[in-house]
A.B. asks: 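Let me give you the structure first, and then I'll get to my questions.
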Amino acid sequence: MFVSSVKVYKFRNLADQQVALSSGAVFITGLNGNGKTNLLEAIYLLTGSRSFRTNSSAELYHFGDRECSVFGTVTHALGTEELGVIFTPGERAAYLNGNRLDSITELLGRLRAVAFSPSDLQLVKGAPAGRRKFLDRHMVDLQPGFLKILMGYQRALANKSAILKQQGTGYQQLLPWNELLAEYGGKIVDNRRNFIESLMDKATFFHQQYAPTDGELSLELESDLVKDGMSADDAIRSELEQAAPREMALRSPLVGPHRDDLKITIGGVDCRAYASQGQTRSVVLSLKLGVIEMIEGVTGEAPVVLLDDVDSELDAGRSERLFAALLSKPRQLIVTGTAAPQGQLGQTPGLQVIRVERGLVAQS
Ligand SMILES: Nc1ncnc2c1ncn2[C@@H]1O[C@H](COP(=O)(O)OP(=O)(O)O)[C@@H](O)[C@H]1O
Ligand SMILES: [Mg+2]
């Protein structure tokens, strides 16, 4: 699948304009601060997901404005569609072929894109929340319906948090929320475990290529909610019951998949604590390439791959291997960088080069 054009309006520093994109390799160049990442972000937002840079729509409006939009033309196996999102305070309105959709969730799955930016390198050694977000985002890429489960869980958790904050909350008041948390939470744990298992399958292959002398990459859901001989929802029910007195004393929800983590090891050594910079890079690249393969395997179509400024963070060897993997199949690959495209990417036949200058795109 590919995005053949993207039209931005009041979006960050970009001038209102429409940009035509090739279905193969695209290189977006320009000096720092001119709008390369902004353009990449705009393309990504056509997926219907939150930005890979921010959760806040307010950051997307051109300074001083209170709305912005991105529209684009996407071609996939089933045809060509016009997708769009209009951001206003408190709302993300999605459009399909000129018609407003009931919910932005209906946009999911029409354009699948995987973004990779230098901040993804935080994934390995950063806080657990980043790894949960990585899992959840890509699980939604694969299976848009999973978002409803995540949202249901978050709603129940927010309600339970509010009740715990009130004076004199009794156990009875927690029960309906605990039941919802067990139902949604059980699905989250099961889905995450399945996802991690399939991802490990793919990622170990790439990791072997990146770091043949390192030990084997292994991924595991780290959770108190995985118990032998017990379904995940029952495990959550039992943990919630045990934790109730502590939760009421501390007035905070202490149990559930919102506390889980993705444990990443190389040769049995925990990467969160011990991975070197080089090992971290190899692991993150392997995970991302693994995700791309999974999406291809499940949907039968190559997702659009967006690489932001990777050359600033990757050494030549890792960068070449990344492009070798990505360019080995026909796909739309959109890359930003300040220097001219190097190596394999630079030699890609039909490479489209786009220059962004102070928010304005010039195509050559
Ligand atoms: N909401 C916004 N409104 C106007 N300008 C913005 C907004 N958000 C970011 N910018 C500006 O966009 C520029 C950065 O664009 P970016 O795409 O990150 O640059 P780069 O080409 O280095 O990737 C900065 O000058 C920043 O001030
Ligand atoms: Mg940038």
Side-chain angles (χ1 to χ4, degrees), residues 3 5-22 25-47 49-72 84-93 104 113-123 126 130 137 281 284-285 288 304-316 318-319 322-323 326 332-342 345-346 351-364:
V3 181
S5 96
V6 58
K7 191 162 103 189
V8 288
Y9 172 69
K10 293 185 177 178
F11 189 83
R12 292 202 187 256
N13 81 327
L14 298 177
D16 298 347
Q17 63 200 306
Q18 183 160 359
V19 179
L21 299 167
S22 124
V26 180
F27 189 73
I28 303 174
T29 185
L31 298 176
N32 275 327
N34 276 251
K36 301 182 296 296
T37 304
N38 294 345
L39 184 58
L40 207 67
E41 181 182 40
I43 297 166
Y44 184 79
L45 290 170
L46 293 172
T47 61
S49 304
R50 296 264 180 201
S51 167
F52 55 84
R53 300 166 108 181
T54 178
N55 274 330
S56 143
S57 297
E59 276 179 39
L60 306 176
Y61 321 141
H62 194 300
F63 292 149
D65 278 308
R66 284 167 64 78
E67 68 171 314
C68 67
S69 67
V70 183
F71 279 77
V85 188
I86 300 180
F87 300 85
T88 49
E91 194 174 47
R92 289 188 295 157
I104 191 142
V114 175
F116 180 43
S117 70
S119 62
D120 286 317
L121 295 172
Q122 307 289 318
L123 185 66
R137 180 186 289 273
R281 281 163 172 66
V284 174
L285 289 173
K288 284 281 172 173
V304 174
V305 176
L306 306 171
L307 298 182
D308 190 26
D309 235 0
V310 287
D311 270 356
S312 71
E313 288 295 331
L314 295 184
D315 50 281
R318 284 196 181 82
S319 167
L322 173 65
F323 284 112
L326 291 174
Q332 190 175 41
L333 173 63
I334 308 180
V335 184
T336 71
T338 45
Q342 303 294 311
L345 178 67
L351 175 72
Q352 180 191 14
V353 178
I354 289 176
R355 171 164 280 278
V356 187
E357 250 179 64
R358 280 181 287 165
L360 197 61
V361 168
Q363 309 209 20
S364 50

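What you are looking at is a predicted structure, and each value in this text was computed from that prediction instead of being measured. Order of listing sets the numbers, starting from 1, for every ligand and every atom in it. The chain is numbered in sequence order, starting from 1.
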A.B. asks: Between Asp315 (side chain only) and Arg318 (backbone N and O only), is there a donor and an acceptor less than 3.5 Å apart?
C.D. replies: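 Side chain of Asp315 to backbone of Arg318: a pair is present.
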A.B. asks: Taking only residues two or more places apart in sequence or in another chain, which ones pass side chain to side chain donor-acceptor pair (under 3.5 Å) with Glu41?
C.D. replies: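 In terms of side chain to side chain donor-acceptor pair (under 3.5 Å), with neighbours along the sequence ignored, Glu41 is linked to Arg12, Ser51, Arg53.
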A.B. asks: Counting no waters, what protein N/O/S atoms lie under 2.8 Å from the Mg ion (ligand 2)?
C.D. replies: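 Hits for the Mg ion (ligand 2) below 2.8 Å: Thr37 OG1.
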A.B. asks: Got the residues with a heavy atom under 4.0 Å of ligand 1, by chain and number?
C.D. replies: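 Correct list: Arg12, Asn13, Leu31, Asn32, Gly33, Asn34, Gly35, Lys36, Thr37, Asn38, Arg53, Glu59, Tyr61, His62, Phe63.
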A.B. asks: Please identify each residue that fulfils side chain to side chain donor-acceptor pair (under 3.5 Å) with Ser119, with sequence neighbours left out.
C.D. replies: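 Side chain to side chain donor-acceptor pair (under 3.5 Å) check on Ser119 returns Ser117.
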A.B. asks: Might you point out which heavy atoms bring Thr29 and Thr338 nearest each other, and give the distance in Å?
C.D. replies: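 Between these two residues, the closest heavy atoms are OG1-O, 3.5 Å.
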A.B. asks: Check step by step if side chain to side chain contact (heavy atoms under 4.5 Å, CB included) holds for Leu285 and Phe116.
C.D. replies: CA-CA 9 Å; Leu285 289 173; Phe116 180 43; 3.2 Å; yes
A.B. asks: Mark yes or no for whether Gln342, through its side chain, and Ala340, through its backbone, hold a donor-acceptor pair below 3.5 Å.
C.D. replies: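 Indeed, once roles are kept as given, a pair shorter than 3.5 Å links the two residues.
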A.B. asks: If we check side-chain contact (heavy atoms from CB on, under 4.5 Å) with Ser69, which of these qualifies: Phe87, Tyr9, Tyr61?
C.D. replies: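 Of the listed residues Phe87, Tyr9, Tyr61, the side-chain contact (heavy atoms from CB on, under 4.5 Å) partner of Ser69 is Tyr9.
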A.B. asks: State whether Lys288 and Asp120 are salt-bridged, where the test is any N-O pair (Lys NZ or Arg NE/NH1/NH2 against Asp/Glu carboxylate O) under 4.0 Å.
C.D. replies: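 Yes, this pair counts.
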A.B. asks: Mark yes or no for whether Asn34, through its side chain, and Arg358, through its backbone, hold a donor-acceptor pair below 3.5 Å.
C.D. replies: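 Yes; judged by distance alone, with no hydrogens or angles, the pair exists.
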